[in-house]
Amino acid sequence: MRCFFSAVTAIITCFFVIKPHLLIGVIALLWGLRVLATRDKKIILLVTVTAVVFLGVGWQEKRTVQSQTPREVQKCQGTIRVYADGVKVNGDLATFTGVWLEKKQKVQLYLYLKQKSQQLALKKLAKGGRYAFTGQVQAFSPPTNENQFDYQFFMRSKQTYLSLRADKLRRVGDLKERGLTLATIHAWRQKSALALQKLPQPLSSFAQLLLIGSSEVEFQTTLNQIKKLGLLYLFCLSGMHVFYVVGFLRTLAKFFRLKPGLENLLLVVMLPFYALLAGASTSLLRAVGMVWFRSLSQLGSRKLSRLEAWSLVGLLTCLWRPLSVFNLGAQMSYLLTLLLIVVPDKVAWRQNLMLNLFSIPLLLYSSYQYSLWTILLSWLFGPLFTYGILPTVLLGTFLQPIRSFSNRLLWALCQLFARLDQHAGLVTYGKPALISVCLVLFMLLLLKVHPHKHYYRWCILLVVSLNFMWLHYPWHGEIVYFDIGQGDCTLIRTARNRQVILVDTGGKVSFQKETWQTRQSKTSGQTVVANYLLSKGINHIDDLILTHQDTDHVGNFPSISQEIKVKQVWIPAGMEQSSSFQRRLTASRIQPTQVKGITTTQHHSGWPANLSLLHPFQSGKGSNEDSIAFIYRYYGINCWFSGDLDRNGEKQILQQHPTLRVQILKTGHHGSKTATDPSLVAALQPKLAVISAGRNNRYGHPNQETLATLKNYGVSYLNTAHSGMISLRIVKGRPQVSTYIK
């Protein structure tokens, strides 16, 4: 029990030091009172020492981040040591994870491949090596939009602080893979992956996932379907898989009639190798560590309990990688295992229900959605996985005669997942407040300990309902100018989400590539725009306004439509004839009947009432000069939007609306000198200009001429490249502008 108090103290201290938060401070205070309530001097002393130690660990971690993270891009050269399984290839991009020998730091190096032969050679690489490089070093990019995935923090949790962009890279030597070294184990893992890749699909992908914890880019679609259904835990190497491995090793020991001491010694020796071969994820190390400590203790006189093993592994994890406590996989692994130890249930369905209920708050805080079928499917697929899927993968991998049959079964399983995904029953809840997550978890625990106290259920229902109302029916509307890179995307939503409008979607301009160069990845429309909408409990867009056909304005709308339902689309009349628009429309989930071409000379049924259409005057081709321009009236504040409309178009609008005034001006064409004419600024008399431009973009946006115009007329401006996401809300009748980057 003392070890348990120490482990929980370590976890709370890591949370508090690394990401200080008032709620974590309150939890730490309550935990301190609980410790004092034990009146056990040894526990109090141990907890005090643990808190002091991990305050130092957290402080040292923050100091390490500051000292090892460059503040700006720097030219560099050196040598990187990469293990055999440290090279990943995605289209024409190769990623090397290793150690920069001169700096003695873990790094991630990126190399853009110029030839297909390079790609094939790296995919077949079976040995680790040392590589000499020249290029640029910089810190990983932090998130610049609210609720965007923090890749920088994710890499820091792996103690990797540097990102290298290699201009040149050449292999200068192999790693010594003699004897039982880390290089040898990683080489075994890579050779296993290469052997498994030769199996037919989807058996190959399932085998890599379940045997060595490696996932292929091509298998991502199926993994996303499994994730939506809430079944991803079955296919991630963790405690359940360790249970199977331990069972196999114990069976092997009994077959050879080994004594209990030798059986435990076998586990102590073999489990670390299994953890390394299987990828050594945090959840896997937790499971392996618990079995390893208990097996080691059974070689001596004092046997560790499961709770003591859990506590020891937790302490070592916080000591080794303190930032890992923020990882969802680690949180789920430690929390659910603790529940199985402290409040076990012999009835299988009740235990499954308990684990799912405790999982929901954490999953919603991370992914904002939950499938109504998850509890039922996890109850059905648990036995199916144990007695069907896993044996099928193992037999198909190692027995040639039944390989084809096993592959057909797994193909049918993939089709089943695809069908279930179409009826996943996803509920978009949004991102709950941290305090509500903690309260629900605490009351679920009280309900488990005191099942007959029904008021806990009512309290849980009240917290969940209030949080749902707060997310789905906000008191205030907002305008959000996303930091979408070199592109444009703006969200307009009214109070209580009565109307949700998206103006453009952003998109990455790319040149024609060969098939081998194509990368599999999510678009910024999914990772930024759709992610933000879902985090706010929004799963639909009432009106999608595509100002014109340029990729940096419309390129993401097919991918966004895969995540968010779109009711109707507005485009400048004539753009529907564009072949590029038709290709994107075909790739989306939007029907042609939902698309409406508009001009100012016609009445358009369904056009948002609080938007005044200013342009285009006639049909065109959807080019810059045909851009849709309009005024949005927001609680008495006029906001200007004009896509990439040129100066001539701006002057034509002024001729028709000479008395027009606005408070917020969205500069045309990302601040280019082709837009934002001085006469426009003089006439509109804006108080604030918003510029959407990418960092270090090759177009030189915003242009100095545009900035000079704004300065001459006393207009302050904000640029997404410097401020990140920019939001405008009305608070107590006054406009409040906030930026993500302070």
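This structure is a prediction, so every number in the text was calculated from the model and none was measured.
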Any donor-acceptor pair under 3.5 Å linking the side chain of Gln60 with the backbone of Gly56?
no
Is the shortest heavy-atom distance from the side chain of Val242 to the side chain of Tyr274 under 4.5 Å?
yes
Could you tell me whether the side chain of Arg2 and the main chain of Ile43 form a donor-acceptor pair under 3.5 Å?
no
Output yes when a side-chain donor or acceptor of Asn356 lies under 3.5 Å from a complementary backbone atom of Asn352, and no otherwise.
yes
Taking the six-membered ring for Trp and the single ring otherwise, decide whether the centroids of Trp188 and Phe273 are under 6.0 Å apart.
no
Using the ring centroid of each side chain, check whether Phe385 and His241 are separated by less than 6.0 Å.
yes
Please check this pair: side chain of Glu61 against backbone of Val17, looking for a donor-acceptor N/O pair closer than 3.5 Å.
no
Decide if atom NZ of Lys158 counts as having more than 12 heavy atoms of other residues, nucleotides or ligands within a radius under 6.0 Å.
no
If you count heavy atoms of other groups shown closer than 6.0 angstrom to OH of Tyr151, is the number above 12?
yes
Residue Ile435 excluded, over 12 heavy atoms near CD1 under 6.0 Å
no
Quick one: pull up OG in Ser297 and CG in Leu304 and give me the separation to the nearest 0.5 Å.
4.0 Å
Might you confirm whether atom OH of Tyr244 has over 12 heavy atoms from other residues, nucleotides or ligands at distances under 6.0 Å?
yes
Just wondering, more than 12 heavy atoms not from Phe417 lying within 6.0 Å of its CZ?
yes
For atom CH2 of Trp31, decide whether the heavy atoms of other residues, nucleotides or ligands shown that lie under 6.0 angstrom number more than 12.
yes
Using atom types as modelled and distance alone, determine if a side-chain donor or acceptor of Thr337 lies under 3.5 Å from a backbone N or O of Tyr334.
no
Can you tell me if Asn531 uses its side chain to pair, donor with acceptor, with the backbone of Asn147 under 3.5 Å?
yes
Leu434 side chain reached by His21 side chain, heavy atoms, under 4.5 Å:
yes
Ring pair (Phe, Tyr, Trp, His ring centres under 6.0 Å) between Phe326 and Phe153, worked out:
CA-CA 9 Å; Phe326 294 91; Phe153 190 85; 5.3 Å; yes
Donor-acceptor pair, Thr386 side chain versus Gly382 backbone, under 3.5 Å?
yes
Keeping Thr392 on the side-chain end and Gly388 on the backbone end, is there a donor-acceptor pair under 3.5 Å?
yes
May I ask you to check whether Phe468 and Tyr429 place their ring centres under 6.0 Å from each other?
yes
Do the ring planes of Phe154 and Phe149 sit parallel (below 30°), tilted (30 to 60°) or perpendicular (above 60°)?
tilted
Answer with yes or no after comparing the ring centroid distance for Phe381 and Phe235 against a 6.0 Å cut-off, counting only values under it.
no
So, Lys431 and Glu146, do they make that salt bridge, N to O below 4.0 Å?
no
Around atom NZ of Lys227, are there more than 12 heavy atoms from other residues, nucleotides or ligands closer than 6.0 Å?
no
side-chain contact (heavy atoms from CB on, under 4.5 Å) evaluation trace for Ser366 with Leu362
CA-CA 6 Å; Ser366 174; Leu362 293 176; over 6 Å; no
Indicate yes or no for a side-chain donor-acceptor contact from Ser535 to the backbone of Tyr532 under 3.5 Å, with no hydrogens or angles considered.
yes
Can any side-chain N or O of Gln331 pair as donor or acceptor with the backbone N or O of Val325 at less than 3.5 Å?
yes
What are the two closest heavy atoms between Trp373 and Ala424, and how far apart are they?
CD1-O, 3.2 Å
